[in-house]
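To keep things clear, I will list the structure first and then write my remarks on it.
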Amino acid sequence: MCGIVTAIATRNIVPVLLEGLRKLEYRGYDSAGLAVLHNGEMVRLRSAGRVAELASLADNRQLQANIGIAHTRWATHGVPSERNAHPHVSAGLAVVHNGIIENFETIKADLQAKGYVFESDTDTEAIAHLLHHKLQSGVDLFEAVRLTTNELLGAYAIGVVTEADPFRAIVARRGSPLLLGVGEDGMYAASDTAALLQVTRKVVYLEDGDLAELRLDGYKVVLADGTPVEREVHLSSLSADAVELGKYRHYMQKEIFEQPQALANTLEMIAGGGSISAQIFGVSATESLAATRRVLVLACGTSYHSALVARYWIESIAKIPCTVEIASEYRYRESVPDPETLVVVISQSGETADTLAALKHAKSLGMSKTLAICNVPESAIVREAALRFITRAGPEIGVASTKAFTTQLAALALLTLALAKQHGRLSAEDETRYLTALRHLPVAVAKVLELEPQIEQWAQKFSGKQHALFLGRGRHWPIAMEGALKLKEISYIHAESYAAGELKHGPLALVDKEMPVIAIAPADELLEKLKSNLQEVRARGGELYVFADAGSEIPESEGVHILHMPEHYGMLSPVLHVIPLQLLSYHAALVKGTDVDKPRNLAKSVTVE
Ligand code: AGP
């Protein structure tokens, strides 16, 4: 979490810093700040609010500069406030930081003993003072940053500028993302490419431990021990449109409606072909998948829900035992490692600290067969895994994950088929049938999106409620979980999900006329069982909102509202059934007037434990 931007250029870089922060606001948005050299003097502006407030502060000051750093924050150490907002300073130098310094208390105590006075509760201020202390010993700025970062434990991406050395900015990273932008008129750095598209497409991804000096006429990169290193310059293919709102009111809305295209892009490799190849997961995948005896999927939040759907698919189609675990639990649990297990990690961002740590933990236990399903090709999680599948959802900016989820499901469906094929459990006929369904998935999703007007009406009724229950069975139970997560995340309505059969074992006690119960009712083999569970709700006065496939034959009646979905879509039905739940949350949040794309207390990439 947190986003940083650094710039040194012949143009006025203040608008570049601010625009960069706007693009990074999804990473954290509880305060923002910048520090620039304005007529040779360090000027620091900070705001406890959003980037827009910082921009008006900069406007009022008519700030102009050719070098500076900027930050948008998601609080870890210290409450969100102006005092804790970055940059943090120490006598003429300023630092912005993304990450967590685990040994900051020791560093702080040591610096306090040397007379340094701390103004904030952040770990970052310790970096600023430590850097100042190093500079006092006579080394130059670049070396001082190198010596400082070598003492830091934990994760960081930092940007540094000083009054005394106005012709270079220094950046460094370990654990947190950071890339350089090579501009026509100078050098830039930021937490992600979207922040730099305004000035350049030429980007250089820094590796863990790298330190870079940015000057007007170029840059250099060194390793943590000071050895110079060359890092390739990439031409980013990210389109500026992909990160613009366009005709939409919110990113979440845009991303919900981008799902047909995101799925088509993700499934492009099977668009023409009549068969599935394990090679889509990497060159060594054929061998790896064939040798897989078990599958362990690790993920967090929405990505975890996609894994739960995949468990149903993998066990029923590929007939391979599959376990799914929350990454933050797995990493600290004593588990029994098994080298024949394929460890699959799923992450939209590829940065989630718990998922990355779980992957490293699995590897440390000797499980070398690893696969990352991720939306960001250069991310830490992708680089850590032996095999990879990149979902092509495009940048997901809204904190609530939508198109990342459905494209993860598409990737997991492909994995299921590839595993089944490698193990001789996929007949040619089934292969054709599943691939045809996958190819038509974008069109099927587009049809479900047409239900929006009805869902909008339901959302009106919902927005006045304090609580909601979501029910599903089988492979749609994780979809109920995802619906509940979406609703609480952006509308702040308390929502819980249950496997419908579990209701009578406790949660039914919650049901009365004030409790809306949302049910996912695909016309599958569990429909009759689900109908009985819905009767249990009605008998207690609970109001039912049912998403029913054509053919489900659940009649509308007093207290039973039905939204008719298209024909049942078989194995891939969960992909269709999540769409109305995304729309329901979105419209409930709109009615409630919450900040849809930036819900309170959350951030898009959770790079802390
Ligand atoms: C979903 O709406 C959430 N914002 C969150 O649960 C998210 O899916 C989770 O933090 C995992 O993120 P990742 O996919 O980037 O690893």
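Order of appearance sets the numbers: ligands from 1, and atoms from 1 within every ligand.
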Mind telling me whether Trp458 and Tyr545 have parallel, tilted or perpendicular rings, with 30° and 60° as the class edges?
-> perpendicular
Gly301 heavy atoms within 4.0 Å reach ligand 1 at atoms 6 (O)
Scan Glu255, Glu396, Glu258 and name whichever one has a salt bridge (charged side-chain N to carboxylate O under 4.0 Å, His left out) with Lys403.
-> Glu258
protein heavy-atom neighbour closest to atom 15 (O) of ligand 1 works out as Ser349 OG, 2.7 Å
Less than 6.0 Å separating the ring centroids of His361 and Tyr332?
-> no
Does the N or O separation between Gln348 and ligand 1 drop below 3.5 Å for any pair?
-> yes
Any chance the side chains of Thr402 and Gln582 put a donor and an acceptor closer than 3.5 Å?
-> no
What are the atoms of ligand 1, with element, lying closer than 4.0 Å to any heavy atom of Ser401?
-> 1 (C), 2 (O)
Among protein heavy atoms, which lies nearest atom 3 (C) of ligand 1, and at what distance?
-> Glu489 OE2, 3.2 Å
Could you establish whether Lys604 and ligand 1 come within less than 4.0 Å of each other, counting only heavy atoms on the residue side?
-> no
Ala400: numbered ligand 1 atoms lying under 4.0 Å from its heavy atoms = 2 (O)
Identify whether the distance between the nearest side-chain nitrogen and carboxylate oxygen of Arg22 and Glu19 falls below 4.0 Å.
-> yes
Residue, atom name and distance, where the atom is the protein heavy atom closest to atom 1 (C) of ligand 1 = Thr302 OG1, 3.0 Å
Proximal atoms of ligand 1 relative to Thr352 (non-hydrogen, under 4.0 Å) | 12 (O), 13 (P), 15 (O), 16 (O)
Donor-acceptor side-chain pairing of Ser303 and Gln348 below 3.5 angstrom | no
To which protein heavy atom is atom 10 (O) of ligand 1 closest, and what is the distance rounded to 0.1 Å?
-> Val606 CG2, 3.8 Å
Give the atoms of ligand 1, by number and element, whose distance to some non-hydrogen atom of Ser347 is under 4.0 Å.
-> 13 (P), 14 (O), 15 (O), 16 (O)
Parallel under 30°, tilted from 30 to 60°, perpendicular over 60°: which one fits the rings of Tyr248 and Phe257?
-> parallel
Tell me, which protein residue and heavy-atom name are nearest atom 11 (C) of ligand 1, and how many Å apart are they?
-> Cys300 O, 3.4 Å
Is a salt bridge present between Arg600 and Asp595, judged by a nitrogen-to-oxygen distance below 4.0 Å?
-> no
Counting from 1 in the order shown, the ligand 1 atoms closer than 4.0 Å to a non-hydrogen atom of Lys486 are 1 (C), 2 (O)
Would you mind listing which atoms of ligand 1 come within a distance below 4.0 Å of any non-hydrogen atom of Ser303?
-> 8 (O), 13 (P), 14 (O)
Thr122 and Asn84: side-chain donor and acceptor closer than 3.5 Å?
-> no
